[in-house]
Amino acid sequence: MTQLTLITGANRGMGFEIAKALGEHGQHILLGARNAQKGEAAAQTLRDQGMTVDAIQLDVTNHESITQAVAKVTADYGHLDILINNAGAAFDAHRAPSILDLATIQQDFEINYFGLVDVTQQFIPLLKQSPSAKIINVTSMMGSLSQALNPESEVFHASAVGYQSAKAAANMFTIQLAKEFQNTGVPITVNSVDPGVVATHFGGGDPEMAKSRGAKTPAEGAKRTIELALDDSKTTATFSNTNGIVPW
Ligand SMILES: NC(=O)c1ccc[n+]([C@@H]2O[C@H](COP(=O)([O-])OP(=O)(O)OC[C@H]3O[C@@H](n4cnc5c(N)ncnc54)[C@H](OP(=O)(O)O)[C@@H]3O)[C@@H](O)[C@H]2O)c1
């Protein structure tokens, strides 16, 4: 049966690449975008390439937008097989933890943690209508507590405490939700993915400059998420990238 897959923040960057790859594999894609016009344009690009793609307006920081998206998927399909929480952003601008203002940290948490949790909780009833569902949370190595303390890791030198804390919190949500489903016999897996350093417009960055410094292409950054979305195993409660398991 065709799998129905919702990807948040899929009008550009890695979300778009994930939508494209899973669409090419025959999944029916619900392309989430906070801006309906951008979402429709991205969906049309993929439909022109022969894929089954519907745009869906979804601002992960707006509860009403989420409940409207849930109502639409409920009315149109009555279930969801895969939820990919990809939308994310960083607002820290390399400011030190001692001076980074609370409003900025709250902004980091609104999208990367509270938004992810709200979208997930609202879509769980639809995921429960699937015989075997998946939740994939695109977090980041930047949220790894152990790598932040490892002088060999690039995360050791990072300074984005709001973004890093929000991604670490999202990883904890992955673990706790996966355990709840395991313990209660709910057939939904929950995993976190680290894409690596990827040349997108993420954080207001310049993709060309990032590429010249060795960042991956968006398609390469999307690879582990795509693998997990196509994986038939019941892997759950993991944090991984294309090299294998990432320490929490
Ligand atoms: N790039 C990296 O090096 C890197 C590394 C590790 C992890 N990640 C993670 O990978 C994920 C994808 O990042 P990316 O590099 O592809 O970023 P990107 O190119 O900046 O794309 C981010 C996407 O999220 C959307 N978005 C922003 N705010 C939103 C909201 N409130 N509701 C719904 N969608 C929203 C954006 O939509 P608009 O077009 O409307 O802004 C865009 O579609 C993020 O979770 C990020 O934290 C990225």
Side-chain angles (χ1 to χ4, degrees), residues 6-21 30-43 45 55-66 68-69 83-92 106-120 122-123 136-144 147 153-155 158 160 162-171 173-174 192-211 213-226 228 239-243 246:
L6 169 63
I7 304 147
T8 65
N11 55 290
R12 64 181 166 100
M14 278 184 270
F16 180 75
E17 294 298 327
I18 295 163
K20 183 170 175 229
L30 300 178
L31 188 151
R34 61 177 166 169
N35 178 308
Q37 278 180 334
K38 287 184 187 172
E40 186 47 39
T45 301
I56 185 158
Q57 198 279 333
L58 182 47
D59 180 338
V60 307
T61 61
N62 180 328
H63 183 71
E64 204 186 316
S65 163
I66 299 169
Q68 280 175 4
L83 169 64
I84 301 181
N85 285 309
N86 165 78
F91 302 96
D92 303 57
Q106 280 166 341
Q107 242 185 321
D108 283 314
F109 268 80
E110 282 303 328
I111 178 164
N112 297 297
Y113 185 68
F114 295 119
L116 179 147
V117 171
D118 199 6
V119 169
T120 304
Q122 300 309 315
F123 274 98
I136 302 173
N137 295 327
V138 180
T139 65
S140 174
M141 177 88 85
M142 294 276 274
S144 166
Q147 294 305 82
S153 167
E154 60 201 86
V155 184
Y163 176 71
Q164 291 180 270
S165 305
K167 290 296 195 186
N171 278 345
F173 185 66
T174 294
S192 284
V193 168
D194 160 49
V197 179
V198 184
T200 62
H201 287 281
F202 181 76
D206 172 0
E208 288 312 314
M209 195 181 288
K211 222 185 283 173
R213 291 184 183 148
K216 297 178 182 180
T217 64
E220 286 165 345
K223 210 170 151 207
R224 180 60 191 145
T225 303
I226 294 160
L228 265 180
F239 182 25
S240 63
N241 61 23
T242 47
N243 297 321
V246 177

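Order of listing sets the numbers, starting from 1, for every ligand and every atom in it.
Near ligand 1, residues Gly9, Asn11, Arg12, Gly13, Met14, Arg34, Leu58, Asp59, Val60, Thr61, Asn86, Ala87, Gly88, Ile111, Val138, Thr139, Ser140, Tyr163, Lys167, Pro195, Gly196, Val197, Val198, Thr200, His201, Phe202 each place a heavy atom inside the 4.0 Å sphere around the ligand atoms.
Between Met141 and Gln147, some side-chain heavy-atom pair lies under the 4.5 Å cut-off.
The aromatic rings of Tyr113 and Phe173 sit perpendicular, their planes meeting at an angle over 60°, well past the 30° parallel limit.
The two residues Ala215 and Ala199 make their nearest non-hydrogen contact at CB-N, 3.7 Å. In this structure, Ala170 and Leu116 approach most closely via the heavy-atom pair CB-CD1, 4.3 Å.
How far CG of Asn85 is from OG1 of Thr120: 4.0 Å, rounded to the nearest 0.5 Å. We find the CG-CD1 distance between Leu30 and Ile84 to be 11.0 Å, quoted to the nearest 0.5 Å.
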